[in-house]
Amino acid sequence: MHAELTTQGTATRIDGPLLFLERNVEVTLGEAVDVLIGDEPPRTGRVTSLDDDTIVIEVLETTRGLSLDALRVRFRGEPISMGVGPGLLGRIFNGIGQPVDGGPPVAAVSQRRVDAPAMNPARRALPRDFIETGVSAIDLTNSLIRGQKLPIFSSGGLPHDRLAIEIARHARLRDARAGEFAIVFVGIGVSYDSAEAFRRAMEDSGALGHTAMFLNLASEPSPQRLLAPRVALTAAEYLAFDEGRHVLVILTDMTNYCEALREVSASHGEIPSRKGYPGYMYSDLATIYERAGSTRGAAGTVTQLPILTMPADDISHPIPDLTGYITEGQIVLDRALDRRGVYPPINVLPSLSRLFDQGTGKGYTHADHPALAHQLFASYAKATRVRVLASVVGQEGLTASDRRYLAFADRFERELVAQEGARHLDESMAVGWRLLGDLPRGELSRLNDAQIARHVPSGPPSERADG
Amino acid sequence: MPPDATLPMSEARIRAISGPVLHGLARGPFVVGEAIEVGNARLPGEVIRLDGDAFVAQVYEDTTGLKPGDPVRGTSAPLSVALGPGLPGRIYDGLLRRLDGGDAAARPCRGSPSCRRSARQRRLARRGDRRVRGAGPASLCMLPPGVGGTVVDIAPAGEVEADATLAVVRDDSGREHRIAPFHRWPVRRPRPVTQRLPADEPLVTGQRILDTLFPVARGGRAAIPGGFGTGKTVLQETLAKWCHADIIVYVGCGERGNEMAEVLDEFPRLVDPRNGRALMERTVIIANASNMPVAAREASIYTAVTVAEYFRDQGLHVALMADSTSRWAEALREVSGRLGELPGEAGYPAYLGSRLAEFYERAARVESLCGREGSLTIIGAVSPPGGDFSEPVTSHTKRYVGCFWGLDRERAQARFYPAIHPLQSYSVDASRFATWWTAHGNDNWQRQREKLLALLDEQAHLERMARIVGKDALPAGQQLTLIAADLVNEALLRQSAFSPVDRYCSPARQSEMLRLVMRFIALSREALARGMSPDEIASLPVLRRLQRMGEEVGEDAIASFAALWPQLERELAAPGAAVAETGDAR
Ligand SMILES: Nc1ncnc2c1ncn2[C@@H]1O[C@H](COP(=O)(O)OP(=O)(O)O)[C@@H](O)[C@H]1O
Ligand SMILES: [Mg+2]
């Protein structure tokens, strides 16, 4: 590549975020640029296509106020990068990595490309360490593992922010072997209020000192949303792989990211795929989500907790759908549960942790943990089918056994999913075993006889104290 | 035929570049499909379209840093991979370049196959031996298809470099061919065979729902469609572990890097129950993870099927797992979009169907050029957007496969695995396997299979009725049908991939379990006729034993299924009937 170059008077066209220049300098694909006008702060952009005569630049900020004659373009001679070094924690940055907390610039020890090359699958370390979040519906049935990417599928008006904050505050390994998580919070098109609420919550719990925040606020240019998660992940990777920390990255709201992607794609005149989103949205999202994990030999890990709001509460919408195809499971929040006052309103059935079998059980949590979880799933799934049946034929049409399932469904939601304050895994498991005591024993086919004898309270529910 | 060696090398320069697609201006002839090297870093690429001096090509690596004017070199050969001994046990990228070089970023070893590979060769041929075309591994190594004749020279036994001369073979026209351990083959061209054979024996998968209800043939093709989280990958991995194949080619096409890491981590520690060797020794992994370059994703599928054919040609039974073919189709769509082609349904190019057909057509049971029987079975996962099976990739795939293993979201959510929905799945191959099952100890398989399918169909029908009138209102006979269907699901169809006892189920064990369940169904009907109520039947202790027998009776204890028979007969026997009379009525 080359040193910095500046050109003026070559701009021929501005179209949305795209800027077209005559090609009279030798620049390369993907190169970062600063678009300058007057003495305004530089606007970041990048070269997205090149031919003999033309340079096309995607400006990652507004193009409002630019004029063809007056603008100058400075080519940085390298792809967009972020300076990383000690002192990232405790700071607040904007979506392109500039400090916005009034503090000094970070003393960078190295410049890293924000779109890092793919991690070599042959070098990945398998995530294994169970993280206790204190949330029963996660720890017990959809556990979070260090190095996992586990999104929260939410909807407008549901308490996903509160859940994310609680997870960030409680997340710890069961045996407190390693130090606490460093937190990287990435606000993508979020309101000032929710960014501030997060900052305050971290401050209150004394965690601000090991938190770095990257904020692209709703009021800021939307093309920058494409950059914010990549800048933040570059910092997270530095914290994990250079400083050896375990980093929990909270990305909210990925729906805003996808909207920005659609907007920029449309301005390129690309043929849209489903619902107007570009056909490459899957691959594009993968370049973000796949940055979770760790390599063999590295001391730290990157765990991702992306949050997205499902448009129209629709889980088959391209944003949750493509996300679910890439991430290692999902935690699904449910409006009906929320309305019934269940907090956290986690719908356990469509939720999934793909790493559950890899990080729970003997040697990880408790030998009977996986069997308990599988039995709870099977029973709760049956119970919700009975509930649908009951809503049509009424309770009278149910068999005696079905009526027990109906009661189980309610208790499962009120006593296991709903909770006040954090629970240890052992407490969550105790609740689970207790609930199973209400069901016909012969139908607990996911448990072996010894597990039933060890854990499941006997006798019909009416005869037991807790019944 | 070997790649055409008569083309002159051509040169060109980049005129325009955007993403993985470049437009170039050629000095000298290029050929559509020709492999090229782009820029000073010599990134691999392929010519897709020609127009006079201008051409369009796709680049298989990140194009950041390229610019107009950069050089493009032709290679005079179509996109090819080097095939030879030592391929199994390793992980490669979509162009068959090794990824286990130790680099933390997914940068393949450059210039493969010249990264040092060596092969231990036994000296099995002598000067003067006749070698037919495509001779297999029991001779000195694979002769490339198209080369055959008399061995005029041969290297001594021992370790050799990948590009060493192993032998010289003179063909009938007197031309001499230098034979190396590796030969190159163009990935988009199917390897020739002597003849295709009928696919009339099953590929045993060790999964009850597949082998018993929806079996796939050796040389057949199967699709696994399912929304996210329904179990495509776990099923593919399970098949890769336990199916009765000699070689597994596992291509992770646009899926998670961690899943590749998991295979790499787990397979070396698992032992093939059929020969006691580590499963990794029979496995070739090809990885283009979702965050790796998209153009190489399109190539990875062809690379995988070419490697699979190479082993098939040696007289081996090969199974290819492609996870996921939808990502491959999307890669086609992305490149097509960048070329400005007219989009068809859901933005996919109009040739999507024919590309899928070509791919699945490469599955076959064959007589190879060296006269041995080999087979290539293709099992492709499909990831339909929103889990909707009417989308283009699923519906096109359906036309070309003989087995359709449809995964069901509701089953998956209840953690009922594998979540294959028996009423949304089918096997065209099944009709040919009755003789095979007879030879393997079950002469009643076909009838049992038909009965099970009818029972599951009836269950769906009755459940719809129960939703209207209530379960209690169903006649006793129908309530019993529901109990029987539940048992079939729990005891036979459910099988955890993570259970050390039940993850693999041999044909012999399947047959035992099947017989027990069929016997329960028959006896419970009789008991009902005698006045036992459905509730009483549902609470029989033996029912729980049957539900859990997959977990409780392993491969090494098949004999102990016998213990369940007396219990079954006793609990369902007519009052006063002596157990001994019916004890061995199987
Ligand atoms: N056969 C099986 N046995 C046990 N668990 C399974 C099985 N199939 C799927 N699962 C569970 O479901 C999860 C999702 O399966 P996966 O194959 O990754 O889905 P997909 O590839 O369709 O998105 C797995 O992580 C595992 O927990
Ligand atoms: Mg998968």
Side-chain angles (χ1 to χ4, degrees), chain A residues 1 23 26-30 48-52 79 116-127 270-274 279-280 282-283 286-287 290 293 295 316 318 321 324-326 328-330 349-350 352 354 357 374 377-378 381-382 389 392-393 396-399 402 440 442 445 448, chain B residues 15-18 23 62-68 91 99-100 102-107 228-229 254 256-258 260-262 264-265 287 289-292 294 327 330 333-334 337 343 346-347 383 385-387 413-416 466-473 490 498 539 543-544 547-548 551:
Chain A
M1 301 237 173
R23 194 171 81 93
E26 284 282 292
V27 297
T28 63
L29 199 62
T48 59
S49 84
L50 284 170
D51 66 28
D52 278 346
M119 200 186 276
N120 186 344
R123 293 273 295 142
R124 276 184 184 264
L126 282 190
E270 291 162 350
I271 302 160
S273 156
R274 246 191 337 149
Y280 52 77
Y282 174 84
S283 300
T287 60
E290 278 285 304
T295 52
S316 68
D321 192 50
Y325 270 119
I326 304 164
E328 286 150 341
Q330 64 278 338
L349 290 182
L352 169 71
R354 293 169 190 264
D357 297 276
H374 291 146
F377 271 116
K382 175 159 182 189
L389 191 66
V392 183
V393 300
E396 312 73 47
L398 300 181
T399 61
D402 279 356
S445 62
N448 64 32
Chain B
R15 216 173 48 72
I17 176 102
S18 168
H23 293 252
D62 182 9
T63 51
T64 301
L66 291 176
K67 60 179 188 301
I91 181 167
L99 279 176
D100 49 6
D103 200 334
R107 268 185 294 263
F228 63 82
R256 302 179 186 83
N258 262 342
M260 302 289 104
E262 204 179 304
L264 276 176
D265 176 72
S290 54
N291 55 342
M292 287 162 73
V294 80
R327 305 300 163 219
E330 285 165 9
R333 175 172 72 186
E334 188 173 334
S383 316
Q413 291 191 351
R415 275 38 175 190
F416 184 101
R467 235 171 279 150
I468 301 166
V469 301
K471 235 190 224 168
D472 255 2
E490 276 295 324
F498 302 117
S539 51
L543 201 56
R544 178 170 161 84
Q547 279 173 353
R548 292 193 45 83
E551 283 295 333

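As the structure is a computational prediction, the values presented were derived from the model and not from experiment. Keep in mind that the numbers below use all heavy atoms, side chains included, and drop hydrogens, waters and symmetry copies. The sequence lines fix the lettering, A, B, ..., with proteins before strands; numbering per chain opens at 1.
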**Q** Under 4.5 Å heavy-atom distance to chain A, tell me which part of B:P385 shows up: side chain, backbone, both or neither.
**A** both
**Q** With a 4.5 angstrom heavy-atom cut-off, is it the side chain or the backbone of A:P127 that approaches chain B, or both, or neither?
**A** side chain
**Q** Go through the atoms of B:L543 and report whether side chain, backbone, both or neither lie under 4.5 Å from a heavy atom of chain A.
**A** neither
**Q** Determine the option with the most heavy-atom pairs under 4.5 angstrom with chain B, choosing from A:A378, A:A125, A:P272, A:S283.
**A** A:S283
**Q** Tell me, out of A:V392, A:T287, A:T48, A:N448, who's got the most heavy-atom pairs with chain B below 4.5 Å.
**A** A:N448
**Q** I'd like to check A:S273 versus B:E330 (side-chain heavy atoms, cut-off strictly below 4.5 Å). Are they in contact?
**A** no
**Q** Please say whether the positively charged group of A:R354, taken as NZ for Lys or CZ for Arg, lies over the ring of B:F228, i.e. under 6.0 angstrom from the six-membered ring centre and within 45 degrees of the axis.
**A** no
**Q** Out of B:E262, B:H23, B:R548, which one racks up the most heavy-atom pairs below 4.5 Å with chain A?
**A** B:R548
**Q** Considering only heavy atoms, which portion of B:R333 lies under 4.5 Å from any heavy atom of chain A: side chain, backbone, both, or neither?
**A** side chain
**Q** Look up atom CG in B:D472 and atom CG in A:L398, then write down how far apart they are to the nearest 0.5 Å.
**A** 8.0 Å
**Q** What is the minimum heavy-atom distance between A:D321 and B:G386, and which atoms define it?
**A** OD2-N, 2.8 Å
**Q** State, to 0.1 Å, how close B:M260 and A:P121 come at their nearest heavy-atom pair, and which atoms those are.
**A** CB-CB, 3.9 Å
**Q** Do the side chain of A:E290 and the main chain of B:S290 share a donor and acceptor less than 3.5 angstrom apart?
**A** no
**Q** For the residue pair B:E490 and A:S445, what are the closest heavy atoms and their distance?
**A** OE1-OG, 3.1 Å
**Q** Taking the side chain from A:Y282 and the backbone from B:G254, do they hold a donor-acceptor pair closer than 3.5 Å?
**A** yes
**Q** In terms of heavy-atom proximity below 4.5 Å to chain B, should A:D52 be classed as side chain, backbone, both, or neither?
**A** both
**Q** What closest approach, in Å, do B:P68 and A:R23 show between heavy atoms, and which atom pair accounts for it?
**A** CB-NH2, 3.4 Å
**Q** Tell me if a side-chain donor or acceptor on B:R467 pairs with a main-chain N or O of A:V393 at a distance below 3.5 Å.
**A** no
**Q** Between B:A473 and chain A, with a heavy-atom cut-off of 4.5 Å, which part of the residue counts as in contact: side chain, backbone, both or neither?
**A** neither
**Q** Quick one: what part of B:T63 sits under 4.5 Å from any heavy atom of chain A, side chain, backbone, both or neither?
**A** both
**Q** Would you tell me whether A:E328 and B:N258 have side-chain atoms, one donor and one acceptor, within less than 3.5 Å of each other?
**A** yes
**Q** Counting only non-hydrogen atoms closer than 4.5 Å, does B:Q547 touch chain A with its backbone (N, CA, C, O), its side chain (CB onward), both, or neither?
**A** side chain
**Q** When rounded to the nearest 0.5 angstrom, what distance separates CZ in A:R124 from CG in B:D265?
**A** 13.5 Å
**Q** Could you tell me the separation between the CG atom of A:L352 and the CZ atom of B:R415, rounded to the nearest 0.5 Å?
**A** 5.0 Å
**Q** With chain B as the partner, which of A:A122, A:A381, A:G30 has the greatest number of non-hydrogen pairs under 4.5 Å?
**A** A:A122
**Q** Do any N or O atoms from the side chain of B:R15 and from the backbone of A:D51 form a donor-acceptor pair under 3.5 angstrom?
**A** no
**Q** Which heavy-atom pair separates A:P79 from B:T64 by the least distance, and what is that distance?
**A** CG-CG2, 3.7 Å
**Q** Which pair of non-hydrogen atoms, one from A:T399 and one from B:K471, has the smallest distance, and what is that distance?
**A** CG2-CB, 4.2 Å
**Q** With rounding to the nearest 0.5 Å, note down the distance linking CG in A:L50 to NZ in B:K67.
**A** 10.0 Å
**Q** With a 4.5 angstrom heavy-atom cut-off, which part of B:L264 approaches chain A: side chain, backbone, both or neither?
**A** side chain
**Q** Would you mind telling me which of B:G337, B:S539, B:A414, B:G387 has the largest number of heavy-atom pairs within less than 4.5 Å of chain A?
**A** B:A414
